[in-house]
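For reference, the structure discussed in these notes is given below.
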Protein chains: 2
Amino acid sequence: MSQKLFVSAQEVAEKAGVSRSAVSRTFTSGASVSPKTRQKVLDAAEALGYHVNHLARGLMRNESGIVCLIVSEIGTPYRSSLIRALTQQLQNSGKISMLINTDRSDGSVDLALRQAIRYRADASIILSGLPDKSITDLCLKNGQRLVLINRDDDREGPLSINLDDADAAARVATAFVRAGCRKLAFANSQAGTPSLMARERGFVAAAKALGLDVIVERFGHTGYESGRVVAQQLLTRKDRPDAVFCATDLLACGFMDAARHQFSMSIPDQICVAGFDDIEQAAWSSYQLTTFAQPVDMIAREAVSWLVGDSAQPEHHSVRLHADLVWRSSIRGG
Amino acid sequence: MSQKLFVSAQEVAEKAGVSRSAVSRTFTSGASVSPKTRQKVLDAAEALGYHVNHLARGLMRNESGIVCLIVSEIGTPYRSSLIRALTQQLQNSGKISMLINTDRSDGSVDLALRQAIRYRADASIILSGLPDKSITDLCLKNGQRLVLINRDDDREGPLSINLDDADAAARVATAFVRAGCRKLAFANSQAGTPSLMARERGFVAAAKALGLDVIVERFGHTGYESGRVVAQQLLTRKDRPDAVFCATDLLACGFMDAARHQFSMSIPDQICVAGFDDIEQAAWSSYQLTTFAQPVDMIAREAVSWLVGDSAQPEHHSVRLHADLVWRSSIRGG
DNA sequence: TTGTATGCGTTATCAC
DNA sequence: GTGATAACGCATACAA
């Protein structure tokens with residue numbers, strides 16, 4: 001390890017023959033510095049390979065430029081596409097993202113937020129889990145902004161971004177009925193995530209309003225395998241359903257594969273299927289899944305613009321976005 | 001914005017009735033502090049909501065604890081699973097990951113590395129693209145460690161982690177021939193990524209050694225859609241191939257879907273298919289793709305252990321890992 | 001516009 | 001084991 005330290009503004013100043021404040025000003029947007037001085041500094045910096053130390057800058061300005069993304073199951077299609085959208089928009093706004101991986105354990109999100117505090121993140125965006133109120137209060141008290149995505153939480157301070165899950169569920173119920181389906185089912189995981197439960201409740205309520213009951217089946221985590229298991233459970237019943245709304249596309253893919261390859265069923269002729277998220281795989285020709293599109297780019301835009309905005313009052317704020325129904329061929333008609 | 005600054009060690013010291021050095025020592029592992037003092041400090045810190053400022057600590061120690069992950073197309077299955085593995089292992093080693101999204105533009109990776117330098121990242125891990133030598137030299141000169149994953153680059157300084165791509169390709173060629181295939185094809189994208197090209201060259205060479213020619217077709221980016229297009233190109237030929245090695249699973253999924261649904265072909269009866277990466281979808285029952293498993297956890301372990309290791313000589317180092325062949329049912333026999 | 005001086009929160013060095 | 005003090009690299013109030 002050559003352990004030669006990074007080059008500092010001091011060294012640049014000496015080489016350029018100016019004061020170190022001139023160097024600082026050159027790299028501070030909106031500071032007054034003459035073009036001549038500025039150029040001398042820039043040349044010296046380039047020659048020396050100088051880069052502003054954002055650690056020190058953050059210390060001074062009390063603004064690190066860091067935004068924490070707190071998320072579990074990063075490898076999942078929907079999650080990773082949301083991460084992509086967020087990091088991109090954050091970069092465009094001059095922020096940088098820290099990625100913290102949480103697991104299902106209890107204090108996992110709290111630990112992540114503590115890490116965000118240690119690095120003096122300007123904001124944290126929570127995609128998974130729900131932190132303890134004490135720790136979010138701590139974040140807010142320290143001037144850190146908080147965004148909760150699909151957490152459906154109504155506490156004061158953070159920005160909450162949610163979708164119209166119940167509404168979407170109602171639209172699916174209608175579509176099923178219009179397709180001639182009468183035995184409705186809902187396939188869910190046991191995660192109990194707010195948005196997942198909202199879809200479930202919305203679907204059951206909408207069906208009830210249409211005079212239909214819903215068979216609700218839940219199993220395991222929110223993934224492909226669980227979709228298969230739920231299919232097993234639903235399709236071996238005497239009163240086999242003729243329409244299934246799956247809480248996520250991943251569940252739907254598992255369900256469809258089991259229905260076709262294990263139960264030799266034809267979709268949508270024998271059974272209609274709908275999903276949620278519109279992951280890339282939903283469009284693959286093996287699935288052609290009718291589903292709701294998570295407006296990831298819009299979610300990211302809402303989150304980031306609120307984060308960087310200097311709204312003096314980051315008071316209680318809540319956004320509800322619309323999930324478009326993407327018609328493919330897993331529901332008859334359309 | 002309450003703009004009440006974060007609580008500092010100074011305040012904790014006052015509340016606990018000790019010096020700020022005592023506070024510092026309490027939060028520095030391996031420092032000598034009496035249990036009594038330590039407890040007083042801990043209590044005061046808890047009461048005040050104190051968290052060590054890692055920006056300042058990084059400034060002092062010249063070690064930020066930050067590791068930069070530089071990657072494009074985050075939303076892709078293989079990429080996101082690698083990111084998951086890396087962030088997890090980094091967290092386990094007390095590091096935190098910064099995620100920088102690059103695009104296909106030229107200086108994109110260089111820009112990302114500059115960002116890594118500004119935040120004084122202890123290391124950068126590059127999953128996409130290849131930075132300019134001048135900028136990697138700058139990183140290395142500043143004591144930053146560099147890891148290149150599947151970049152197949154042989155420069156001095158960084159750790160290079162690669163797979164035995166050519167070897168894997170040869171195994172596929174053998175498997176195809178053993179399955180009775182004679183008209184081999186290779187489906188690639190136009191990305192020209194080192195590992196993708198290594199697979200292509202390895203496959204062509206191995207086939208040649210077996211006395212067979214290979215039809216090579218390349219198209220677009222490395223995704224599902226390109227797989228479909230390549231299928232279009234390959235399956236409309238007079239000398240339609242009876243075995244196709246796709247450079248990645250995503251290409252393979254697109255290829256399989258097109259072969260089945262557009263050309264009504266049966267896999268593996270009429271055509272054998274193999275992929276690379278072993279993404280989650282490869283195991284889905286619609287594909288059951290025979291493929292090579294990227295050892296993502298092992299890759300992450302190699303990278304992280306090298307990063308945190310205090311090997312005084314981070315000299316030229318290169319690791320070549322083995323990709324296991326996962327047999328499913330897209331190749332006859334097995 | 002420019003330079004000087006001070007402080008940000010932390011750790012390391014040194015006496016005690 | 002403990003407390004004072006000097007850095008770390010930067011931004012800024014202030015004087016020039």
Side-chain angles (χ1 to χ4, degrees), chain A residues 3-42 44-45 48-66 117-122 142-144, chain B residues 3-42 44-45 48-66 117-122 142-144:
Chain A
Q3 199 51 329
K4 160 67 179 90
L5 292 147
F6 289 79
V7 31
S8 74
Q10 172 68 25
E11 305 176 51
V12 176
E14 283 163 12
K15 174 151 184 129
V18 298
S19 73
R20 66 196 112 179
S21 22
V23 177
S24 181
R25 277 190 275 263
T26 300
F27 291 99
T28 301
S29 66
S32 68
V33 75
S34 75
K36 219 179 81 184
T37 312
R38 184 185 162 75
Q39 194 53 51
K40 276 197 295 187
V41 171
L42 252 30
L48 265 45
Y50 169 76
H51 287 80
V52 176
N53 185 334
H54 274 47
L55 267 40
R57 168 176 281 185
L59 200 55
M60 264 306 297
R61 292 202 182 153
N62 224 53
E63 181 179 356
S64 62
I66 297 172
I117 293 180
R118 290 198 197 92
Y119 279 97
R120 298 304 190 254
D122 298 337
N142 289 332
Q144 181 174 121
Chain B
Q3 197 52 328
K4 160 66 179 96
L5 292 147
F6 289 79
V7 32
S8 73
Q10 172 69 25
E11 305 177 51
V12 176
E14 282 163 13
K15 174 151 188 130
V18 297
S19 72
R20 65 194 117 178
S21 329
V23 178
S24 179
R25 275 189 278 264
T26 300
F27 291 99
T28 302
S29 66
S32 66
V33 157
S34 76
K36 220 179 79 184
T37 312
R38 184 185 162 73
Q39 194 53 50
K40 277 196 294 185
V41 171
L42 251 30
L48 266 45
Y50 169 76
H51 287 80
V52 176
N53 186 333
H54 274 46
L55 267 41
R57 169 178 282 184
L59 200 54
M60 263 308 295
R61 291 202 182 154
N62 224 51
E63 182 179 356
S64 61
I66 296 171
I117 292 179
R118 291 199 196 90
Y119 279 97
R120 299 305 190 254
D122 298 337
N142 288 332
Q144 181 174 120

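Values reported hereafter were calculated over all heavy atoms of this structure, with side chains retained and with hydrogens, waters and symmetry mates removed. So you know, we letter chains A, B, ... as the sequences are listed, proteins then strands, and number each from 1.
- Contact check, B/Y119 against D/dG9: no side-chain N or O comes under 4.0 Å of OP1 or OP2.
- The base of D/dG1 is not paired with the side chain of B/R38 by any donor and acceptor separated by under 3.5 Å.
- Regarding A/R61, its CZ atom lies at a distance of 18 Å from the P atom of D/dG9, rounded to whole Å.
- Rounding to the nearest 0.5 Å places CZ of A/R120 at 8.0 Å from CG of B/L55.
- Contact annotation for A/V23: no contact, since no heavy-atom pair falls under 4.0 Å across all strands.
- Between A/S24 and D/dC10 there is no side-chain polar atom (N or O) within less than 4.0 angstrom of OP1 or OP2.
- Put simply, CZ on A/F6 is 15 Å from P on D/dC8, counting in whole angstrom units.
- Of the possible polar contacts, none joining the A/Q10 side chain to the A/R20 backbone as a donor-acceptor pair under 3.5 Å is found.
- Not a single donor-acceptor pair under 3.5 Å links the side chain of B/E63 to the backbone N or O of B/D122.
- When each of C/dT10, D/dG1, D/dG3 is scored by its nearest atom to the side-chain atoms of B/A22, the top-ranked nucleotide is D/dG3.
- Remark: the backbone N or O of A/S8 is paired with a side-chain donor or acceptor of A/E11 at under 3.5 angstrom.
- Mapping A/Q10 and A/R25 onto DNA chain D by nearest heavy atom places A/Q10 closer to the 5' end of the strand.
- B/F27 comes within 4.0 angstrom of nothing in the nucleic acid, heavy atoms only.
- Straight-line distance from the CG atom of A/N62 to the P atom of C/dT10: 12 Å, rounded to whole Å.
- In this structure, CG of A/L59 is placed 9 Å from C1' of D/dG9, rounded to the nearest angstrom.
- Remark: B/S19 is in phosphate contact with D/dG3, judged by side-chain N or O atoms under 4.0 Å from OP1 or OP2.
- Which of D/dT2, C/dA12, C/dT1 sits closest to the side chain of A/S34 comes down to C/dT1.
- Computed from coordinates, the B/Q39 CD to D/dG1 P distance equals 17 Å when rounded to whole Å.
- Taking atom CZ of residue A/R20 and atom P of nucleotide C/dT6, one finds them 12 Å apart after rounding to whole Å.
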Where do A/M60 and A/R57 land on the side-chain contact (heavy atoms from CB on, under 4.5 Å) test, with the steps shown first? CA-CA 5 Å; A/M60 264 306 297; A/R57 168 176 281 185; 5.8 Å; no
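- Nucleotide D/dC8 holds its C1' atom 9 Å from the CG atom of A/N53, rounded to whole Å.
- With both ends at atom C1', the span from D/dA16 to D/dT12 equals 16 Å, rounded to whole Å.
- When the nucleotides D/dA11, D/dT2, D/dC10 are ranked by their closest atom to the side chain of B/V33, D/dT2 comes out on top.
- Side-chain atoms of A/S21 stay outside donor-acceptor range of the base of D/dA11, with no qualifying N/O pair under 3.5 Å.
- Rounded to the nearest 0.5 angstrom, A/Y119 OH and B/H51 NE2 are separated by 13.5 Å.
- The side chain of A/T37 lies closest to C/dT2 when the candidates are D/dG3, C/dT10, C/dT2.
- Between the CE atom of A/M60 and the C1' atom of D/dG9 there is a distance of 10 Å, rounded to whole Å.
- Taking 3.5 Å as the limit, the base of D/dG9 and the side chain of B/R120 contain no donor-acceptor pair of atoms between them.
- Within the 4.0 Å cut-off from OP1 or OP2 of D/dC10, not a single side-chain nitrogen or oxygen of A/R57 is found.
- Among C/dT10, C/dC8, C/dG3, the nucleotide with an atom closest to any side-chain atom of B/A9 is C/dT10.
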